[in-house]
Amino acid sequence: SIVDPRLRTGYHFQPPKNWINDPNAPMYYKGWYHFFYQYNPKGAVWGNIVWAHSVSRDLINWVALETAIEPSIPSDQYGCWSGSATILPDGTPVIMYTGIDRPNINYQVQNIAYPRNKSDPLLREWVKPAHNPIIVPEGGINATQFRDPTTAWRDDDDGRWRLLIGSVAAGGARGVAYVYRSRDFRRWARVRRPLHSAATGMWECPDFYPVERDGRRVGLETSVSGRRVKHVLKNSLDLRRYDYYTVGAYDRRAERYVPDDPAGDERRLRYDYGNFYASKTFYDPAKRRRILWGWANESDTAAADVAKGWAGIQAIPRTVWLDPSGKQLLQWPIEEVEALRGKSVTVKHRVIKPGQHVEVIGLQTAQADVEVSFEVSSLAGAEPLDPALAGDAQRLCGARGAAVEGGVGPFGLWVLASADMQERTAVFFRVFKAAGKDKPVVLMCTDPTKSSLNPNLYKPTFAGFVDTDISNGKISLRSLIDRSVVESFGAGGKTCILSRVYPSLSIGNNARLYVFNNGKADVRVSRLTAWQMKKPLMNGA
Ligand code: FRU
């Protein structure tokens, strides 16, 4: 194989082999977390899609169960695509998913499935009632772009359920989230006007949920509404392969959603500025939090995927809540991941001079959790921000990568680095002075261009701006490193970047970790702790 088996991730969700994509119907039921996902039982490329099923007590250790949903009725015989779970008021979970009902053309309908035995906490068997499909494309809807039903929410005033289905209109130009309503979860009628739409192309995997307005970390059940909440609408843009969201107001009477920032409509904020797609949240009643799952594809060639026999992982589940500013979400790895922390090393009050780097020694860092607080000595030397790049973090990072010396930064981590530094993945910040802005502009970037000597890889730089006040010089970074994935959280989860990398040298015990500073101002590491990560139970692999 061209891919070293030691690059297989250990604590990120994965089945033992084959292709995976979207997270489906995550839920908590009778003490167990359930996770379903798009799966090809026959190989490491997309196809033959069924719903695989795993369960966990802690979202970290996973046990694989038998396939939950596979083609078996006329309305799903050519594929069981993405969908969501809703917990009914009597505690019964239902799954709604997209079925492909004819060959060759991806004609899409929506189906429903119920657990055969509600007293089985593992929900091993799912039954599809005879009245499937329950929603079909009608009234001018594009039948080949009509999929991925959300979790339903219920309005107490009229007792009716609502859910969204992703679609596209205006000849492919406008992404659309259609609302369907039902009293009995069986007969569904479309609301004429969509909940929302924007000029972005097809909306896959919509997600729509309430968040606490006052920035408390507590999550809300999907049906909660009222004065104390704002709503989040997320869509996966198939043209760009990114998950965009807005924060806004849900008008229940008009059945419409209005983003707070009209200019930001589906284009500005992303859950993750890296490799993270088709995500979905669920409310966890056990710990009163909302948890986000997202799929990270490989960025190696399809031939390499086939050779290694697997493709795709899930990001570490993240708790999501509204930033106190109300303008964006915050995300943080679920606290359970900390149970995997083993041996650790701490570095304190270490000044990194311009051009210097410092190795973090004394532990294995191919699989590590690293938390670091930086303090920049002075912001006076920050580079001016090129106005042509001011709105485009990704291009800015492409032009000013980790190797380009700056004023304040680039500073950050080199992860999965080789001893001779030929290979290294940089996760860093860079601070700019922007004309007409009093606050310095902070860029967070992952630069994998030197991550591997293997020439055939897709190695895009990923970047996002960090809406933080760095005037006191302080900023934090956390990176979860797991052999071929680096998942980073800037400024307490304001900006997140997941990147897949495939080192050829920095594998196993040869992977090293450094702090670097390639700017002109001193950077102090106030505190850095790196933990070696243990291996959880992972679906029997
Ligand atoms: C997103 C997606 C969904 C679809 C599923 C099929 O990655 O294209 O829209 O339901 O994958 O596997």
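Counting convention: from 1, in listed order, for ligands and their atoms alike.
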Distance-only check: which donor-acceptor pairs under 3.5 Å involve side-chain atoms of residues 59-66, not counting sequence neighbours?
| unit_1 | atom_1 | unit_2 | atom_2 | d |
| --- | --- | --- | --- | --- |
| Asn61 | OD1 | Leu537 | N | 2.7 |
| Asn61 | ND2 | Asp58 | OD2 | 2.8 |
| Trp62 | NE1 | Leu59 | O | 3.3 |

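Using cut-offs of 30° and 60° for the angle between ring planes, the Phe35 and Tyr37 rings count as parallel.
A donor and an acceptor atom, one from each side chain of Ser182 and Asp184, are located under 3.5 Å apart. Between the side chains of Asn132 and Ser75, no donor-acceptor pair of N or O atoms lies under 3.5 Å. If you check the side chains of Asp243 and Ser279, you find a donor sitting under 3.5 Å from an acceptor.
Residues Cys80 and Val50 have side chains not in contact (no heavy-atom distance under 4.5 Å, counting atoms from C-beta outward).
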With the criterion set at N/O pairs under 3.5 Å, what does the list of contacts between the protein and ligand 1 look like, atom names and distances included?
| unit_1 | atom_1 | unit_2 | atom_2 | d |
| --- | --- | --- | --- | --- |
| ligand 1 | 7 (O) | Asp22 | OD1 | 2.8 |
| ligand 1 | 7 (O) | Asp22 | OD2 | 3.4 |
| ligand 1 | 8 (O) | Glu204 | OE2 | 2.8 |
| ligand 1 | 9 (O) | Arg147 | NE | 2.7 |
| ligand 1 | 9 (O) | Asp148 | OD2 | 2.7 |
| ligand 1 | 9 (O) | Glu204 | OE2 | 3.1 |
| ligand 1 | 10 (O) | Ser82 | N | 3.2 |
| ligand 1 | 10 (O) | Asp148 | OD1 | 2.6 |
| ligand 1 | 11 (O) | Asn21 | ND2 | 3.3 |
| ligand 1 | 11 (O) | Asp22 | OD2 | 3.1 |
| ligand 1 | 12 (O) | Asn21 | ND2 | 3.1 |
| ligand 1 | 12 (O) | Gln38 | OE1 | 2.6 |
| ligand 1 | 12 (O) | Trp46 | NE1 | 3.0 |

